[in-house]
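Worth knowing before you read on, the calculation uses all heavy atoms, side chains too, and leaves out hydrogens, waters and symmetry mates.
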Amino acid sequence: MICSIRQSASSLQALTRSDFYQRKSPVKSLSFPSVVGGISPVKPLHLAPVRGLGFGLIEDLRVRRPLIRCEAYEADRSEPVESDVVKGRSEAAKKVKIGLYFATWWALNVVFNIYNKKVLNAFPYPWLTSTLSLATGSLMMLISWATRIAEAPKTDFEFWKTLFPVAVAHTIGHVAATVSMSKVAVSFTHIIKSGEPAFSVLVSRFLLGESFPTSVYFSLLPIIGGCALAALTELNFNMTGFMGAMISNLAFVFRNIFSKRGMKGKSVSGMNYYACLSILSLLILTPFAIAVEGPQMWAAGWQNAISQIGPHFIW
């Protein structure tokens, strides 16, 4: 039996005995028919270069690489299954990343509430303050999209139609929280707003028919009890401030429900989703802010704030 390989002379020179045995072929042995009378009953076997299959057998014998790359794939995935070590590291990195997100959000929220209260003390117009907050966030994202710092989302009319009820609930919750902070202390507003999990469970139970374990209901008791105790012992209690925080809780619960139900399958990132939500909320809120407070009240309040605090009020 004669076995020949069609290969260029330069490639054959690069193929040494050690190179050949270092490559582990998936074929362990080949059996051929016996030679009768010194003549092979079959033609000589020719091995042509294998191209496009990723084996790399004859294409470049000068480069040492494995003949076959074996990887395991899950049935519904197109990527190799990660080992337990790699998967553990990726999970740990993801937890650290989420922790940093929470810490950053919490820190910026504290700064936002403090400065928001400072502004409301000097300029007690929560509807305009809420509008300016949404306008600032919307402007930041529009600039990011224009300068390609962030990739602009691909949206259509159906996306904005689905987003509209979410934006309405977001607008109500945002304005109600700002109204509450203009009437009571920031701490009291957020103590009442900490009762949002209770609102979420109650709304999901009685309006959506969802059921929860008994332990979930028992976990709500200290939350409700703490909010009630804070409301009863608040020295500067104000009904408008209290109702604003309660309405904000309820509105944000419906915002989350509408968001989860309506935005499934929408290919928009979290940051762009919140940016689109802020832009639509700004369009909804602006006419109401003008109707409730109006430019005349804003101009008078602006002059009063500048006279009392000075130009530093702008910052």
Side-chain angles (χ1 to χ4, degrees), residues 98-99 101-121 124 126-127 129-130 133-134 137 165-263 270 273-274 277-278 281 284-285 288 292:
I98 294 175
Y101 280 150
F102 271 115
T104 305
W105 167 69
W106 182 83
L108 293 177
N109 198 36
V110 170
V111 175
F112 170 77
N113 290 324
I114 293 173
Y115 275 94
N116 210 20
K117 183 60 177 178
K118 280 186 170 184
V119 171
L120 290 170
N121 287 337
W127 287 78
T129 305
S130 301
S133 298
L134 293 174
V166 184
V168 171
H170 179 72
T171 304
I172 295 173
H174 180 56
V175 173
T178 309
V179 170
S180 175
M181 281 191 286
S182 68
K183 300 296 183 180
V184 295
V186 176
S187 57
F188 179 73
T189 298
H190 281 275
I191 287 173
I192 302 302
K193 282 178 62 62
S194 65
E196 186 174 331
F199 281 84
S200 181
V201 170
L202 294 176
V203 169
S204 299
R205 175 66 181 88
F206 293 105
L207 296 184
L208 303 180
E210 297 182 7
S211 58
F212 299 92
T214 306
S215 58
V216 173
Y217 295 106
F218 279 111
S219 68
L220 298 178
L221 294 179
I223 297 176
I224 297 174
C227 292
L229 183 63
L232 293 174
T233 57
E234 176 63 27
L235 297 178
N236 299 319
F237 180 83
N238 182 281
M239 183 57 70
T240 303
F242 175 76
M243 291 304 299
M246 296 290 282
I247 293 172
S248 178
N249 280 340
L250 194 60
F252 283 148
V253 166
F254 280 103
R255 179 195 65 180
N256 297 336
I257 292 174
F258 292 149
S259 180
K260 288 181 180 179
R261 287 196 163 190
M263 302 308 296
Y273 173 77
Y274 197 80
L277 181 63
S278 298
S281 295
I284 296 171
L285 178 58
F288 287 97
V292 174

What side-chain donor-acceptor pairs closer than 3.5 Å can you find for residues 207-219, not counting sequence neighbours?
unit_1	atom_1	unit_2	atom_2	d
Ser219	OG	Val216	O	2.5

Can you give the donor-acceptor pairs under 3.5 Å from side chains of residues 167-185 to other protein atoms, not counting sequence neighbours?
unit_1	atom_1	unit_2	atom_2	d
His170	ND1	Arg255	NH1	3.0
Thr171	OG1	Ala167	O	2.7
Thr171	OG1	Ser281	OG	3.3
His174	NE2	Ser130	O	3.4
Thr178	OG1	Ser130	OG	3.0
Thr178	OG1	His174	O	2.9
Ser180	OG	Thr189	OG1	3.0
Ser180	OG	Gly241	O	2.6
Ser182	OG	Val179	O	2.5

Please tabulate, for the side chains in residues 192-204, all donor-acceptor contacts under 3.5 angstrom to protein atoms that are two or more places apart in sequence or on a different chain.
unit_1	atom_1	unit_2	atom_2	d
Lys193	NZ	Ser248	OG	3.0
Ser194	OG	Ile191	O	2.4
Ser204	OG	Ser200	O	2.8

Under 3.5 Å, sequence neighbours excluded: what are the donor-acceptor pairs made by side chains of residues 102-116?
unit_1	atom_1	unit_2	atom_2	d
Thr104	OG1	Leu100	O	2.8
Asn113	OD1	His190	NE2	3.2
Asn113	ND2	Asn109	O	3.0
Asn113	ND2	His190	NE2	3.0

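Applying the side-chain hydrogen bond (donor to acceptor under 3.5 Å, both in side chains) rule to Thr129 yields no partners; only residues at least two apart in sequence or on another chain are considered. Take Pro222 and apply the side-chain contact (heavy atoms from CB on, under 4.5 Å) test, not counting sequence neighbours, and it matches no residue.
With values rounded to the nearest 0.5 angstrom, Phe254 atom CZ is found 14.5 Å from Ser259 atom OG. Expressed to the nearest 0.5 Å, how far NZ of Lys118 lies from CG of Asn121 amounts to 10.0 Å. Remark: Ile257 CD1 to Phe252 CZ distance equals 14.0 Å, nearest 0.5 Å.
Within a 6.0 Å radius of CZ in Phe237, other residues, nucleotides and ligands contribute more than 12 heavy atoms.
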